[in-house]
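Start at 1 with the first residue, then count along the sequence.
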Amino acid sequence: MGGICITDEIREELSAQKDTAYRDFQAKLIPTIDKETVIGVRTPALRKMAKQLAKREEIGEFLRILPHTYFEENQLHAFIIAQRKDFAQCMEELSVFLPYVDNWATCDQLSPKVFQKHRQELLPYIREWLASDHTYTVRFGIGMLMGHFLDEDFDRIYPDMVSKVRSEEYYVNMMIAWYFATALAKQYEAVLPYIEEKKLADWTHNKAIQKAVESYRITPEQKEYLRGLKVSVKK
């Protein structure tokens, strides 16, 4: 079966599960993409589809047809890559797909399971992603540091890497803030100096504090101290 055939098959299945009200709701949450490219298929249904598609021999044809037309096709692509059990195959497919990721939802839901067993091999790729000029590649790299290197594999070099990222992009800066809020919850003493010494851009600094203060994992005393570290942002 050729690439066009499997793509048509996928689109027919997506269309069959279309929920217009859900599409309208979802499109509002992802303002960076055209509403007309959103079909309106719920995430559990997409994950179920991806699980079946990943087993298909001809799925490689679908993965090579980039850019995709619909948001849900990007979601399926992300979920298929996330299931790859071979690290090399996963990284090969990921390197092709990442430049085409155009929204925060696909970026944040792209979480390959195989990374859990290959963390050290992952680090050189993360360094490359952080140096990218593509918004969602940088965001993905920060997300991988947040997801895999804030627990037993934590090292102060990782928040240092994130603190040095500078961007005018909202979706990059929001992820930096999210990273530091999560890092404060998991590695408070090690990460606090980045806030105390104001190593982040002002808006990101304040957003990281805001998100940390909203966390149930931060103690009331820590929250009070963090509130006192907010800075005035020039308008």
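With sequence neighbours excluded, the residues that form a side chain to side chain donor-acceptor pair (under 3.5 Å) with Tyr225 are Glu196. Scored by the salt bridge (charged side-chain N to carboxylate O under 4.0 Å, His left out) test, Arg42 finds Asp19 as partners (sequence neighbours excluded). By the side chain to side chain donor-acceptor pair (under 3.5 Å) test, Gln17 is found to be paired with Glu13, residues two or more places apart in sequence or in another chain being considered.
Met161 CE to Leu130 CG: the interatomic distance, rounded to the nearest 0.5 Å, is 5.0 Å. Here the CE-OG1 distance, from Met175 to Thr135, works out to 12.0 Å after rounding to the nearest 0.5 Å.
Ring geometry for Phe115 versus His148: interplanar angle over 60°, hence perpendicular rather than tilted (30 to 60°). Under the 30°/60° scheme for interplanar angles, the aromatic rings of Tyr194 and Phe180 are found to be tilted. Between His134 and Tyr136, the two ring planes are perpendicular [angle over 60°; tilted spans 30° to 60°]. Aromatic ring orientation, His68 versus Phe62: parallel (interplanar angle below 30°, classes split at 30° and 60°). Using cut-offs of 30° and 60° on the angle between ring planes, the pair Tyr22 and Phe25 is tilted.
Formation of a donor-acceptor pair under 3.5 Å by the Gln222 side chain with backbone atoms of Ile218 is not found in this model.
Contact check for Arg56 versus Glu9: side-chain heavy atoms found under the 4.5 Å cut-off.
Thr182 and Arg217 are not linked by any side-chain donor-acceptor pair at a separation below 3.5 angstrom, with hydrogens and angles left out of the test.
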